[in-house]
Amino acid sequence: MALSRVGCRWPLWRLGTGPGPGPAAGLSRARGLLEPRPARGATRSSVCYRSTKASSRSILAALASKAKHINGRYERFLERTFPRFYVLYATFTKGVQALFLEVKEIRKIKSKMSRQRLSVQQLPYREMERLRQFRRDVIKVIPIGVIAIPPFANFLVIVLMYFFPRQLLIRYFWTPSQQVEFLDAYDAIRRDSYPDVVESLALAARSLPEPQLQKRLQELCAEVQRGSQPCVAELYAVRSLFSGSPLGLNKLQVSHVKALSQVLFLTPHLPAFFLRHRLRSHVLEIRHLDRAMLRLGLGQLSEEELKAACYLRGLNSTHLGMSECRAWLEQWLGLSCKLQASEASLLANSMVLLSLNYVRAKE
């Protein structure tokens with residue numbers, strides 16, 4: 001019995017009932033004994049994980065820095081040893097980067113349209129123009145993509161791209177000198193159809209029912225053929241003739257439609273129905289762009305944007321200054337933004353009438 005009493009009292013004394021710091025301290029020591037402690041291995045593993053992650057980041061940063069240094073040395077070597085090849089290499093590298101950024105911007109625009117339920121016509125000018133140009137670029141690279149499908153056809157693609165850059169490459173992969181050269185070449189091709197457009201207008205004017213408007217249009221065509229530059233007021237005065245027969249888009253002669261298609265860089269080798277449909281859709285697209293440009297203001301456009309806008313509307317702007325491009329666009333917008341969709345034929349023909357003698361008239 002005595003031993004049992006001592007054995008029972010011993011835990012109480014260990015908990016602090018005897019002399020010592022007190023019961024609270026004893027209870028806290030007991031809790032410390034009962035509560036689980038974190039394992040040493042878990043602490044070590046978390047520390048090791050953080051150190052491994054930091055070291056991997058430093059290794060990746062060092063590798064990226066080393067690769068950048070090697071690439072820089074390689075580019076300097078190319079520039080010194082093979083300067084002509086270096087120009088092509090630098091153009092290709094910058095083109096890939098620009099194309100990647102353009103794809104990202106197009107995705108943002110598409111996401112915005114889907115999120116806000118916008119149509120293309122409701123977009124700002126720059127976004128609308130970016131979508132239009134990107135669509136044309138994609139259409140241009142489809143043939144080269146088809147050629148590259150078979151195995152080992154990549155070598156053929158590279159050869160074709162080297163010898164036919166204007167036909168196969170998009171603008172991102174043109175050198176600055178090639179941009180001027182190729183734009184001049186495309187303009188020369190479409191300018192071959194300008195006299196045909198004016199002649200078709202003069203022939204169609206003979207069958208107009210209203211003698212007064214018939215005389216006005218014939219005089220206007222004669223002035224252009226003599227090398228004069230018509231004013232916007234003269235074109236606007238005959239706008240009613242271009243909404244019905246024989247000058248409406250759906251009533252034009254096939255030869256006239258083919259000539260206008262070449263002005264817009266559209267293939268003329270299609271049935272008449274498809275030619276008229278494509279011509280109308282492209283002209284109305286330019287009309288929507290004109291209204292968006294007017295809302296933005298010509299003063300907000302850069303020199304590159306001004307030149308691109310003039311070139312799209314029929315004027316070769318590669319050798320024109322910023323002020324000349326802006327002056328021509330002011331005339332164009334003064335006509336385009338007053339016309340209705342039913343008068344799209346006048347807008348298509350004005351691409352020739354307002355640009356054929358513009359440079360000559362200024363001289």
Side-chain angles (χ1 to χ4, degrees), residues 84-114 120 123 125-190 193 258 260-271 274-275 277-286 288-289 304-305 307-314 316-318:
R84 294 183 63 183
F85 178 77
Y86 172 75
V87 173
L88 298 177
Y89 169 81
T91 302
F92 178 79
T93 305
K94 293 177 181 178
V96 171
Q97 294 173 354
L99 182 60
F100 178 74
L101 293 176
E102 189 70 11
V103 171
K104 288 181 64 177
E105 290 298 324
I106 294 298
R107 291 183 62 183
K108 288 181 181 178
I109 295 172
K110 291 287 188 180
S111 175
K112 172 185 173 181
M113 292 175 62
S114 175
V120 177
L123 292 174
Y125 170 75
R126 288 190 174 96
E127 295 181 356
M128 199 187 304
E129 171 62 20
R130 178 165 275 167
L131 285 177
R132 184 201 67 82
Q133 185 62 51
F134 185 77
R135 185 176 66 249
R136 291 183 69 90
D137 290 340
V138 170
I139 293 173
K140 187 175 182 179
V141 300
I142 285 176
I144 201 70
V146 173
I147 295 174
I149 290 176
F152 307 106
N154 293 334
F155 299 103
L156 175 61
V157 169
I158 293 173
V159 172
L160 291 174
M161 291 169 65
Y162 180 80
F163 286 103
F164 304 99
R166 177 171 65 86
Q167 292 83 357
L168 299 178
L169 295 180
I170 56 178
R171 55 197 170 95
Y172 298 108
F173 303 100
W174 293 348
T175 63
S177 60
Q178 284 178 334
Q179 290 183 13
V180 178
E181 177 188 350
F182 295 164
L183 290 177
D184 283 340
Y186 280 126
D187 184 70
I189 294 171
R190 71 175 173 183
S193 62
K258 288 184 176 181
L260 289 173
S261 297
Q262 289 179 302
V263 173
L264 285 160
F265 301 115
L266 303 175
T267 177
H269 309 295
L270 288 174
F274 292 106
L275 285 175
H277 176 73
R278 293 189 71 197
L279 181 62
R280 179 178 177 82
S281 64
H282 279 72
V283 172
L284 292 180
E285 183 180 41
I286 292 176
H288 290 306
L289 282 167
E304 182 181 356
E305 290 173 326
K307 288 189 173 184
C310 290
Y311 194 90
L312 173 64
R313 290 155 180 80
N316 185 9
S317 54
T318 54

I need the [X] [atom1] to [Y] [atom2] distance, nearest 0.5 Å.
| X | Y | atom1 | atom2 | result |
| --- | --- | --- | --- | --- |
| Leu264 | Arg190 | CG | CZ | 8.5 Å |
| Leu169 | Thr175 | CG | OG1 | 10.5 Å |
| Ser193 | Lys258 | OG | NZ | 13.0 Å |
| Ile106 | Lys108 | CD1 | NZ | 11.5 Å |
| His277 | His282 | NE2 | NE2 | 10.0 Å |
| Gln178 | Arg166 | CD | CZ | 11.0 Å |

Just distance, no hydrogens or angles: give the donor-acceptor pairs under 3.5 Å from side chains in residues 93-101, sequence neighbours left out.
from	atom 1	to	atom 2	distance (Å)
Thr93	OG1	Tyr89	O	2.9

Exercise. Would Phe134 and Val103 count as a side chain to side chain contact (heavy atoms under 4.5 Å, CB included) if you check the C-alpha gap in whole Å, the side-chain angles of each, and the deciding distance to 0.1 Å?
Worked result: CA-CA 9 Å; Phe134 185 77; Val103 171; 4.0 Å; yes
Exercise. Yes or no on side chain to side chain contact (heavy atoms under 4.5 Å, CB included) for Ile189 and Gln262, after CA distance, side-chain angles and deciding distance?
Worked result: CA-CA 8 Å; Ile189 294 171; Gln262 289 179 302; 5.8 Å; no
Exercise. Residues two or more places apart in sequence or in another chain: which of them pass salt bridge (Lys or Arg N to Asp or Glu O under 4.0 Å) with Asp184?
Worked result: none
Problem set entry | For Arg136, salt bridge (Lys or Arg N to Asp or Glu O under 4.0 Å) partners two or more places apart | none
Problem set entry | 4.5 Å side-chain heavy-atom contact, Ile170 and Glu102 | no
Problem set entry | Donor-acceptor contact below 3.5 Å, side chain Ser281 vs main chain Arg278 | yes
Problem set entry | Tyr311 (side chain) donor-acceptor with Leu183 (main chain) under 3.5 angstrom | yes
Contact summary for [X] and [Y], nearest pair of heavy atoms:
| X | Y | value |
| --- | --- | --- |
| Lys110 | Leu131 | CE-CD2, 4.1 Å |
| Ser261 | Leu275 | OG-CD2, 3.9 Å |
| Ala308 | Ser317 | N-OG, 4.5 Å |

Seminar exercise, completed: Across all chains, not counting sequence neighbours, the side chain to side chain contact (heavy atoms under 4.5 Å, CB included) partners of Glu127 are Ile109, Lys112, Leu123, Pro124
Seminar exercise, completed: For Arg280, the side chain to side chain contact (heavy atoms under 4.5 Å, CB included) test, sequence neighbours excluded, returns Leu249, Leu284
Exercise. Should we say atom CZ of Phe274 is surrounded by more than 12 heavy atoms from elsewhere, each under 6.0 Å from it?
Worked result: no
Exercise. When you look at CZ of Phe265, are more than 12 heavy atoms from neighbouring residues, nucleotides or ligands closer to it than 6.0 Å?
Worked result: yes
Problem set entry | Verdict with reasoning, Glu285 to Leu312, per side chain to side chain contact (heavy atoms under 4.5 Å, CB included) | CA-CA 11 Å; Glu285 183 180 41; Leu312 173 64; over 6 Å; no
Exercise. Which is it for Lys307 and Thr318 under the side chain to side chain contact (heavy atoms under 4.5 Å, CB included) test, yes or no, and what are the steps along the way?
Worked result: CA-CA 7 Å; Lys307 288 189 173 184; Thr318 54; over 6 Å; no
Exercise. Which residues pass the ring-ring contact (aromatic ring centres under 6.0 Å, His included) test with Phe182, sequence neighbours left out?
Worked result: Trp174
For this session: Before accepting this row, confirm whether a basic side-chain N of the pair Glu129/Arg132 lies closer than 4.0 Å to the acidic partner's carboxylate O.
Result: yes
